[in-house]
Amino acid sequence: MGKRPQARYVCQNCGAVWPKWSGRCDACGEWNTLVEEAADARSASVRPAATGGTGRAAGRIGFVGLEGAAEPPPRIGTGIAELDRVLGGGLVPASVVLVGGDPGIGKSTLMLQAAAAMAAAGRRVLYISGEEAVDQLRMRGRRLDLKAPGLELAAAINVVDIAQTLEAERDIALVVIDSIQTMWLETVESAPGSVSQVRSAGFELIRLAKSRGFGLILVGHVTKEGAIAGPRVLEHMVDAVLYFEGDRGHQFRILRAAKNRFGATDEIGVFAMTDRGLSEVPNPSALFLAERRGNIAGSAVFAGLEGTRPVLLEVQALLAPNTGSSPRRAVVGWDAARLAMLLAVLETRCGLRLSGSDVYLNVAGGLRVSEPAADLAVAAALASAATNQPTSAGSVYFGEVGLSGEVRQVSQAEARLKEAQKLGFEHVFLPRRVARGRNRLVAPDGVRLEEIGHLSDLTASFSDTPAADG
Ligand code: TYD
Ligand code: MG
């Protein structure tokens, strides 16, 4: 009988390894995430043959200079333009992409649609599901009205079987693994979905993709709060990491690149979940603003930017008289610390009374905004709510607000203005331009620019009558 491998404890949140169990992982601070896994789990999956450790004569590596041709990588269109955009222009052959997101957000739906579109374009695509039976996949395909007789489906979880099968296949363009958490290597002594299994199975599949030259998409359930984070251990092994996010109560879904070796990481893809799957949204602004009702206090439109793409969004603020001891501040879709800062600036620099109210802030449509350029729109929504005066119809806002209340420049003002014009907005509140002359911002036809130097200029445009409470 062999010596029992020494136990070790792996944090299922961050992958840190500890010799002893404890209630809290010292690396990431999460509670109850340490799980016992066999100590030799990792080495068992990393075959010496793959690294050339056995019997192969030592080779030499060559060095080249920094100059010299560097071709842009070739791209394969996925048939879904919004996905191609986030990938940086399509899938790079033999690259590995991790697609993460909350359970039920639509990862399988998107991947099946992309796989079918690629197969319909005549490429060889294999879709391996560890979560659903082939019949379920077929039913989903029928519901999505997918027509791709060439698409090859399989239900499997055993990585050794999958690897053996793929070794023997030729001309594969893409393999989708849905999901990496269901994949299982028998040499690893822990349950599917554990960090060790995810890491080892991922490593095997990635090695195979690189050696056989096919594109690989690994689907992984990952929650933002980190409740399920296993696939995060794969982030450094793959070429691109895409997150599919959105609010399950809303139809919008945003695909974002968190990492991309072959492209920018600030592009987003916008989709809407319909009863026939995910449909692409080439003009998100119109959709995000579709449910907006004019003439309501506490609403302002922000001219934002996601990657290179301008997006107009509605910011909503609600003030309610505070009854408890400390006022509530609840934010959806924006940064809570930034809201606190803006409230302080509005109160101290603009004389707006807000500290006695509960404040609720919401970015409509389920989008998450991270740009400081949203400050001015948020301030407008708050000032509008506080004075019970709707923002003027047809107006949009963008600009960063500093601690003294000054309104600062933001990038790509022209693109924001153009989007506002396209959607019929006539009045744009924006930071004051210091640069004149050649760098002067020209208002697009039919758009009036209102330059705001200090936040108090903006709040002064709302009447001073306080909100009628209740
Ligand atoms: P799914 O792709 O299974 O999510 P994931 O793989 O990320 O776990 O999508 C699940 C949800 O999407 C499910 O709750 C139902 C919904 N849905 C639709 O609204 N329309 C559709 O056409 C499909 C296929 C799913
Ligand atoms: Mg799924």
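The chain is numbered in sequence order, starting from 1. When a ligand or atom number is given, it counts from 1 through the structure's own listing order.
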Steps toward side-chain hydrogen bond (donor to acceptor under 3.5 Å, both in side chains) verdict (Asp84, Thr78): CA-CA 6 Å; Asp84 286 348; Thr78 60; 2.7 Å; yes
Arg276: partners by side-chain contact (heavy atoms from CB on, under 4.5 Å), with sequence neighbours left out: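 Once residues adjacent in sequence are excluded, the partners of Arg276 under the side-chain contact (heavy atoms from CB on, under 4.5 Å) criterion are Asp145, Thr274.
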Over 12 foreign heavy atoms within 6.0 Å of NZ, Lys418: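 No.
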Whether Phe244 and Phe271 hold their rings parallel, tilted or perpendicular, with breakpoints at 30° and 60°: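 Perpendicular, since the angle between the ring planes exceeds 60°.
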Donor-acceptor contact present, side-chain Arg256 to main-chain Ile268, <3.5 Å: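 Checking the backbone N and O of Ile268 against the side chain of Arg256, no donor-acceptor pair under 3.5 Å is found.
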Flag, side chain of Gln197 to backbone of Gln181, donor-acceptor distance under 3.5 Å: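 Absent.
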Candidate list Arg142, Arg140, Gln136, test side chain to side chain contact (heavy atoms under 4.5 Å, CB included), partner Arg138, passing option: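 Testing Arg138 for a side chain to side chain contact (heavy atoms under 4.5 Å, CB included) against Arg142, Arg140, Gln136 leaves exactly one candidate, Arg142.
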Residues in the immediate environment of ligand 1 (any heavy atom closer than 4.0 angstrom):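 Only Asp102, Pro103, Gly104, Ile105, Gly106, Lys107, Ser108, Thr109, Arg140, Arg143, Leu144, His221, Met273, Thr274, Asp275, Arg276, Gly277 have heavy atoms that fall under 4.0 Å of ligand 1, ordered by chain and number.
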Cationic N near anionic O, under 4.0 Å, Glu245 to Arg368: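 Arg368 and Glu245: salt-bridged.
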Near the Mg ion (ligand 2) (cut-off under 2.8 Å), count of protein N, O or S atoms: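 Near the Mg ion (ligand 2), the number of protein N, O or S atoms below 2.8 Å is 1.
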Partners meeting ring pair (Phe, Tyr, Trp, His ring centres under 6.0 Å) with Tyr127 (sequence neighbours left out):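 Expected list: none.
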